[in-house]
Structure formats: C-alpha cells, structure tokens
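Just so you know, these numbers come straight off a predicted model, no measurement behind them. Atoms within each ligand, like the ligands themselves, are counted from 1 in listed order.
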Amino acid sequence: MRAAVTSTRPQEGGPAKGAPVHLRAMSPEQLGELVQSAGFEPYRGRQLFQWLHRRGARTLEEMRNVPGPLREWLAANTALGGVAGADVTHHSSDGSMKFLFELDDGKKVESVLMPDTARDYWTFCLSSQVGCAVDCKFCVTGLNGFFRHLRTDEIVDQVLYARRYLHERQPKANFRNLVYMGMGEPLLNTVPVVESIRLLTSGEGVDLSPRRITVSTSGIVPGMIEFSRAQTGACLAVSLNAPTQEQREAIMPITRKYPLADVLDVVRRHPFAKNKRVTFEYVLLKDVTDREEDARALVPLLRGIPCKVNLIPFNPDAELPYGRPDEATINRFAAILAEANYTVSVRWSKALDVGGACGQLAGQKGQRASRRSSPSKASLPNS
Ligand code: SAH
Ligand code: SF4
C-alpha cells in the first residue's frame, strides 16, 4: 500500500509540509495525475472534479460511477477537505441565507447568499480568513481579531456547499455572482484566493464567469500587485472609506502601512479585469465620513481612474462606536459624486435582519482573538 499522499507546497495559507492533500483544492489535471500515480486511469481525475465541483458531492460514496477500489484508495490516502459542517439561517425577509460554516479545527466562518430583487440570480459573499488582522474600526470581523487563513479547499467549499444547498431547494436558481467580501482580507491570503478563483471558473466545475467575481481589499499594496499579476479575470474592489490619508488612518490603521496615495497608484498603474472598472467601496459613517466636504474631496482624488463608487451606509453593531447616516445625507453624498460624472450606487445591505450585512460577520459569538498577544500582526507581510 502506498504511503499517504502529502503536499510539499511551501505557500502562505496552503497546506503545510506533511499535511494531507485536499481533493477540493485540486484541478482536474492535478486530480488526473494523482489517480494515475496510484495506477488508475487519468480521466478519473476529471470525473472526480465534476463530482466535487459541478455536482457538489459531499462524500466519496455519492460518486457512484467511480470504481470502488479508487474510492477506497482515496479514502485511505487523501482528504476531501472543505468545511466540516454548516448551520443555515434563512429567514431573512429579503430571501438571503446566512451560512455558518464549521471548519475542521472547530473555527467558524460566515457567508451570505443573496438574491437580486427579482430573484433572477444569486450573489454569494464568502470568507477568505477566520477573522481579520486589518482592524478597521467600523467592522465586527476586525473587532474580533485574526485567527488563521482559510485554505483553498475551505474557500472553494463555501461555494460548493451553498450552491448545492440552494439548488436542492430551488433547482432552477441561477447561482451567478461571487464577492470576496465576507470575513477576512482576501489579499493577505492571495495564493489560496487566486487558486479558488481558478477552480471556481473551471468549465468542468461550477463554471462561474470571472467577470462576475469581485475581490474586495482594504488596500494591501503587495497583495493588489500579486492579484493583478495573477490575471484571473476577476474584478477588484477597493474599500476606500475615507477621502484623506488622515481620515483613513483614523478608521483604517492599515493606511499607515499602505498609504492612500500608494493604493490609488496601484489601481492606476496595474491592470485588473479587462474592460471592467475598479469599484471603490465607501462606508458612510455618520458625521465621520458622510459630510458634503468628504464627497467633494473624493471628486479630485479619483479623477482619471475608470471606476464605480459603491456607497455602503454603515451597518450598526452594539460594539461599534458609529452611527448610520439618514437617507437624505446618503442621497446628498451620492448626488455630489454623480454630478461630477462618477457612476455611483448605494448598497442597501441585504440580510441586515439576520446579522449578515457587510461588516456584521463575526463567525461565532465569543470567537475573538486576543489583541494583546496580537497574533494578527504576524500575518501582515513584512511587519
Ligand atoms: N476585507 C475586505 C473584504 C471584506 S469587508 C475589505 O475590507 O474590503 C467588505 C466590505 O464591508 C468592505 O468594503 C468594508 O469596508 C465594509 N464594511 C465593513 N464593516 C462595515 C459596516 N459595519 N457597515 C458597512 N460596511 C462595512
Ligand atoms: Fe478586515 Fe475588511 Fe473588516 Fe477591515 S473591513 S477589518 S479589512 S474584513
């Protein structure tokens, strides 16, 4: 009998040396090579990929046309990977469903599946890390600190699980858009995020269009450059959230490390999705970033960048010291940008009533990393 297959890829967020190979992190080609190395026909790799990705199989037993000896070999030598279990809340009045995923080490992450108004298609907002190290002052995920990166298979499996869950209840539902806007900073975990995009856009699997995938970052300059170089075809969103270096530092301390001017410079100089504009997200905090002068300051700041501005009225939480602006203030802010010829939209958050709106994803009550020992800092590059 062969020894258990292990990975030797020395990458951030990927399996450590000696960790089991997770089938859900592998492409059809990699699966083909794996099964061939054990003496099975290479086309079985594609078959496995289709079972896991297209059909969302949760067990090897489900894969009825995969020969018994191959399933036995896989069971003995590999792991499926992915999430260990899920709790789904779906009584949001707008039809959204919130998924609380349990991971193999007991940690939890949340994701949200949202219908568009006409329920023509669904958008899935997924997590890239357990917690977040970036520490934005208006975000519950940030408040709770950082635990660890998600592996490629854990990122991918949020999609596989949610898509199957949706299709079992609504077989014709169009699971179409993906946004990396759940828990975590995707561009501090860039390799697994890029790998997950490649797997989820594979024609043998979920077959999402990269143009309908958006990765949102707080402005991690090296991660943005790495993401641009990867040329996945997926879109970039930058959480701008304030119009000046000083204001941004106050609510996003990461701005000290990666200044606002540098973040905008990367957007100007590096190619992201072809013929797709970059989105700037801007959280409106009452009396902090929602003033008319803030809107006016954005106008010259973004000049010359083909972009869209997405305003997100702050979603309150008892533990956060900010307020949500009223509708008139939000509309006035949007009008100033629109008058300056920017494309601007307001994100009237979904799933607010189930705690699934932007910035509300905590993973689990009581899941909080200690800030004093600051495990988060270790995960930031060059710090
Ligand atoms: N870490 C990434 C992606 C996850 S956060 C990032 O920051 O871009 C997704 C979006 O939610 C970001 O634009 C962030 O600014 C916004 N957000 C965080 N907390 C929020 C809150 N309480 N209300 C509204 N938006 C919030
Ligand atoms: Fe992290 Fe994004 Fe929340 Fe900031 S807004 S703490 S980067 S998840």
Student: Out of Ser239, Cys139, Ser216, Cys132, who is nearest to atom 2 (C) of ligand 1 when you count heavy atoms only?
Tutor: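 Closest candidate by heavy-atom distance is Ser216.
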Student: Run the numbers for me: atoms of ligand 1, each under 4.0 Å from some heavy atom of Glu185, listed by number.
Tutor: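 The atoms of ligand 1 under 4.0 Å from a heavy atom of Glu185 are 1 (N), 2 (C).
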Student: Which is closest to atom 2 (Fe) of ligand 2 by heavy-atom distance: Ala133, Ser128, Gly184?
Tutor: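 Among Ala133, Ser128, Gly184, the closest heavy atom to atom 2 (Fe) of ligand 2 belongs to Gly184.
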Student: Please determine whether a side-chain nitrogen of the Lys or Arg among Arg58 and Glu62 lies less than 4.0 Å from a carboxylate oxygen of the Asp or Glu.
Tutor: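 Not counted as a salt bridge, because no side-chain N and carboxylate O are separated by less than 4.0 Å.
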Student: Side chain or backbone of Asn315 under 4.0 Å from ligand 1, or both, or neither, by non-hydrogen atoms?
Tutor: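 Contact part for Asn315 vs ligand 1: both backbone and side chain.
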Student: Would Arg176 and Asp116 pass as an ion pair if we require N to O under 4.0 Å?
Tutor: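 Salt bridge flag = no for Asp116 with Arg176.
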Student: Check side chain to side chain contact (heavy atoms under 4.5 Å, CB included) between Ser202 and all other residues, then give those that pass, not counting sequence neighbours.
Tutor: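 Testing Ser202 for side chain to side chain contact (heavy atoms under 4.5 Å, CB included), a comparison that skips the adjacent residues, returns Pro28, Phe49, Glu204.
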Student: Just by distance, do the side chain of Gln231 and the backbone of Pro271 share a donor-acceptor pair under 3.5 Å?
Tutor: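 At least one qualifying donor-acceptor pair exists.
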Student: Rounded to the nearest 0.5 Å, what separation is found between the CG atom of Leu199 and the CE atom of Met26?
Tutor: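 Here the interatomic distance stands at 10.0 Å.
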Student: Counting from 1, what ligand 2 atoms have a heavy atom of Gly142 closer than 4.0 Å?
Tutor: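 Listed by number with element, the hits are 6 (S).
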Student: Which atoms from ligand 1 have a heavy atom of Thr217 less than 4.0 Å away?
Tutor: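 So the atoms of ligand 1 that pass are 6 (C), 8 (O).
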Student: Between Asp153 (side chain) and Gly82 (backbone), is there a donor-acceptor pair under 3.5 Å?
Tutor: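 Yes.
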Student: Using distance alone, decide if ligand 1 has a nitrogen or oxygen within less than 3.5 Å of any nitrogen or oxygen in Glu281.
Tutor: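 For ligand 1, there is an N or O atom that lies under 3.5 Å from one belonging to Glu281.
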Student: With heavy atoms of Gly184 as the reference, note each atom of ligand 1 found under 4.0 Å away.
Tutor: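 In order of numbering, the contacting atoms are 1 (N), 2 (C), 3 (C), 4 (C).
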Student: Using a 4.0 Å heavy-atom cut-off, say whether Cys139 meets ligand 2 through its side chain, its backbone, both or neither.
Tutor: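 Cys139 to ligand 2: side-chain contact only, backbone stays beyond 4.0 Å.
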Student: Please check: side-chain N/O of Asp290 versus main-chain N/O of Pro325, any donor-acceptor pairing under 3.5 Å?
Tutor: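 No, because the side chain of Asp290 does not come within donor-acceptor range (under 3.5 Å) of the backbone of Pro325.
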Student: Which atoms of ligand 1 sit under 4.0 Å from any heavy atom of Gly182?
Tutor: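 So the atoms of ligand 1 that pass are 4 (C).
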Student: Taking the basic N atoms (NZ, or NE/NH1/NH2) and the acidic carboxylate oxygens, is any pair closer than 4.0 Å for Arg151 and Asp157?
Tutor: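 Judged by the 4.0 Å cut-off on N to carboxylate O distance, Arg151 and Asp157 do not form a salt bridge.
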Student: Which of the atoms of ligand 1 are close to Asn241, meaning less than 4.0 Å from one of its heavy atoms?
Tutor: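 Counting atoms of ligand 1 from 1, those under 4.0 Å from Asn241 are 15 (O).
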Student: Quick one: which ligand 2 atoms are inside 4.0 Å of a heavy atom on Ser218?
Tutor: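 The list of qualifying atoms is 7 (S).
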Student: Is the distance between the ring centroids of Tyr161 and Phe101 under 6.0 Å?
Tutor: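 Yes; Phe101 has its ring centre under 6.0 Å from that of Tyr161.
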Student: Flag Cys132 as yes if one of its N/O/S atoms falls below 2.8 Å of atom 3 (Fe) of ligand 2, otherwise no.
Tutor: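 Checking atom 3 (Fe) of ligand 2 against Cys132, no N, O or S atom falls under 2.8 Å.
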Student: Check whether any heavy atom of Ser239 sits under 4.0 Å from an atom of ligand 2.
Tutor: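 Ser239 does not count as a contact of ligand 2 under the 4.0 Å cut-off.
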Student: Show me which atoms of ligand 1 lie under 4.0 Å from any heavy atom of Ile312.
Tutor: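 Going through ligand 1 atom by atom, the ones under 4.0 Å from Ile312 are 13 (O), 24 (C), 25 (N).
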Student: Please assess Arg268 against Asp265 for the test salt bridge (Lys or Arg N to Asp or Glu O under 4.0 Å), listing each intermediate value before the final yes or no.
Tutor: CA-CA 5 Å; Arg268 284 197 168 90; Asp265 205 46; 5.7 Å; no
